[in-house]
Amino acid sequence: MTVTVDALDDASGFAVSDDGSGIPETERDRVLTFGYSPTGGTGLGLGIVSGIADAHGWDIDVTDAESGGARFEIRRETLDSFVS
């Protein structure tokens with residue numbers, strides 16, 4: 001699997017994408033919740049990511065990557081909030 005990190009076009013944050021099997025739309029609201037794992041994992045990884053984002057006032061959107069995998073867009077209203 002290949003993971004890519006890119007700046008968002010509007011400079012409001014960054015995106016992390018992979019070329020895996022992706023996350024179905026029906027799972028996207030729940031995948032960032034502690035303890036949720038559709039594949040039998042611990043359900044901690046993305047819950048931790050979500051907690052860190054919340055603590056910093058960031059938003060995470062789960063979408064499709066161009067490669068067909070998952071894409072997580074992490075953003076704030078201004079790029080300054082990532083630097084400070």
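No hydrogens, no waters, no symmetry mates; every other heavy atom, side chains included, goes into these values. Computed from a predicted structure; not experimentally measured.
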Requested in this report: Sorted by first residue and then second, give each salt bridge (Lys or Arg N to Asp or Glu O under 4.0 Å) pair with at least one member in residues 41-55; sequence neighbours left out.
Outcome: none
Query raised in the report: Donor-acceptor pair, R30 side chain versus P38 backbone, under 3.5 Å?
Result: no
Query raised in the report: What pair of heavy atoms forms the shortest contact from F72 to I23, and how long is it?
Result: CZ-CD1, 3.6 Å
**Report entry** With sequence neighbours excluded, residues passing side-chain hydrogen bond (donor to acceptor under 3.5 Å, both in side chains) with S17
**Finding:** R71
Query raised in the report: Looking at residues at least two apart in the chain, or sitting in another chain, which of them share a salt bridge (charged side-chain N to carboxylate O under 4.0 Å, His left out) with D10?
Result: R75
Query raised in the report: About how many Å separate CG of L8 and CD of E73, when rounded to the nearest 0.5 Å?
Result: 5.5 Å
Query raised in the report: Is I74 reachable from V5 through a run of I, L, V, M, F, W or Y residues, each pair having side-chain heavy atoms under 4.5 Å apart?
Result: yes
Query raised in the report: To the nearest 0.5 Å, how far apart are CD1 in I48 and CZ in F34?
Result: 5.5 Å
Report summary line: D64 meets the side-chain hydrogen bond (donor to acceptor under 3.5 Å, both in side chains) criterion, sequence neighbours left out, with R28
Requested in this report: Give the minimum heavy-atom separation between D29 and T33, together with the two atoms involved.
Outcome: O-OG1, 4.1 Å
Report summary line: Residues at least two apart in sequence or cross-chain that pass side-chain contact (heavy atoms from CB on, under 4.5 Å) with D19, listed by chain then number, are M1, T2, S67
Query raised in the report: Can you tell me if D18 uses its side chain to pair, donor with acceptor, with the backbone of A70 under 3.5 Å?
Result: yes
Report summary line: Between A53 and I60, the two heavy atoms sitting closest are CB-CD1, 3.6 Å
